Amino acid sequence: ERGTLDAMPSTRAAEPPGQPRRRQRMLAAMGLHRGGRIDEEELGSAILGTVVGLSTMVAAGAHGTLGQVELTVLVTVAIYWAADCYARLLAARGAGRRAKVGSVLRRQWPMVEAAYTPLVVLLVVVLLTGNLRVGIFAALGVGTMVLGGLGFFAARRGGGSRSEAVGSSLVSAGLGIVVILLKLVLH
């Protein structure tokens, strides 16, 4: 049904053969692909979750331990996810539409999933080096690359050309660079 939030149409750019499979493998590696097609809303949610997770990591890393940083990032991203879902449900109701709670929760879940990759990088690097600061910078670097990839995929899924997708990738990665600069300035 067109009037619900859970029935959002998806567009697709013309892609060379083999491109969708490569995209699916990359999204699966980031924990964002569950067998079906990921749409623009899910990609946008993943970008937001990545930025929130990286920003929280910077703030929590100032005075926290590895466990505190990991927990703070997960809880913060989960709170943003719950607030985003609640706001979407309220907006649908205010517009006279009826949104399915489970569908909204599932569609926005990439916001939480996007935090996994930087958190795993943080954990592995800290366990290997024993240095939380090095782990945070490694996670911020990987998160910035993830943001660039998500920006590229979002633009291509929206029908953008390759050059538009590269521009979108640079803007998305720029968000990660701002977080890294924030880490350098504040800590």
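The shown structure was predicted, so the numbers you read here are calculated from the model rather than taken from an experiment.
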Minimum heavy-atom separation for Ile47 and Ser172, please, with both atom names.
CD1-OG, 4.0 Å
Over all atoms of both residues, closest heavy-atom pair of Gly49 and Ala114
C-CB, 4.3 Å
To the nearest 0.5 Å, atom CG of Leu150 lies from atom CD of Glu42 at 11.5 Å
Under a 4.5 Å side-chain heavy-atom rule over Ile, Leu, Val, Met, Phe, Trp and Tyr, are Trp81 and Val101 clustered together?
yes
Atom of Ser55, atom of Val179 and distance for their closest heavy-atom approach
OG-CG2, 3.6 Å
Of all the heavy-atom pairs spanning Gly149 and Ser169, show the shortest one and how long it is.
N-OG, 4.4 Å
Taking every heavy atom of Ala92 against every heavy atom of Ala99, the minimum-distance pair comes out as CB-CB, 3.9 Å
Please test Thr56 against Val77 for side-chain contact (heavy atoms from CB on, under 4.5 Å), starting from the C-alpha separation and ending with a verdict.
CA-CA 8 Å; Thr56 303; Val77 172; 5.5 Å; no
In this structure, CG of Leu89 is separated from CZ of Arg98 (nearest 0.5 Å) by 10.5 Å
What's the spacing between Asp84 CG and Leu105 CG if we round to 0.5 Å?
10.5 Å
Supply the atom-to-atom distance Gln108 CD to Ser103 OG, rounded to the nearest 0.5 angstrom.
9.5 Å
May I ask you to test the Ile177-Thr144 pair for a side-chain heavy-atom distance under 4.5 Å?
yes
Do Val75 and Leu48 sit in the same hydrophobic cluster, where Ile, Leu, Val, Met, Phe, Trp and Tyr count as joined when their side-chain heavy atoms come under 4.5 Å apart?
no
Report whether Leu181 and Val171 are members of the same hydrophobic cluster (ILVMFWY, side-chain heavy atoms less than 4.5 Å apart, transitive linking).
no
With distance as the sole test, does Ser168 use its side chain to make a donor-acceptor pair with the main-chain N or O of Glu164 at under 3.5 Å?
no
Note, Arg156 side chain near Arg162 side chain (heavy atom, < 4.5 Å)
yes
Rounded to the nearest 0.5 Å, how far apart are NZ of Lys183 and CE of Met57?
10.5 Å
From CZ (Phe152) to CG (Leu170), nearest 0.5 Å:
10.5 Å
Hey, does Leu54 have a side-chain heavy atom less than 4.5 Å from the side chain of Leu147?
yes
Taking the side chain as every heavy atom from C-beta outward, state whether Leu140 and Val58 have any pair of such atoms under 4.5 Å apart.
yes
Should Val142 and Leu184 be regarded as members of a common hydrophobic cluster, given that ILVMFWY residues are connected when their side-chain heavy atoms come within less than 4.5 Å of each other, either directly or indirectly?
yes
Ionic contact status for Arg88 with Glu41, cut-off 4.0 Å:
yes
Start with the C-alpha distance between Leu122 and Leu66, add both sets of side-chain angles, then the distance that settles side-chain contact (heavy atoms from CB on, under 4.5 Å), and finish with yes or no.
CA-CA 8 Å; Leu122 173 64; Leu66 172 62; 3.8 Å; yes
Search all heavy atoms of Val125 against all heavy atoms of Ala138 and return the closest pair with its distance.
CG2-CB, 3.8 Å
Do Val178 and Val185 sit in the same hydrophobic cluster, where Ile, Leu, Val, Met, Phe, Trp and Tyr count as joined when their side-chain heavy atoms come under 4.5 Å apart?
no
Qualifying residue, where the test is side-chain contact (heavy atoms from CB on, under 4.5 Å) with Ser45 and the options are Met111, Glu113, Arg107:
Met111
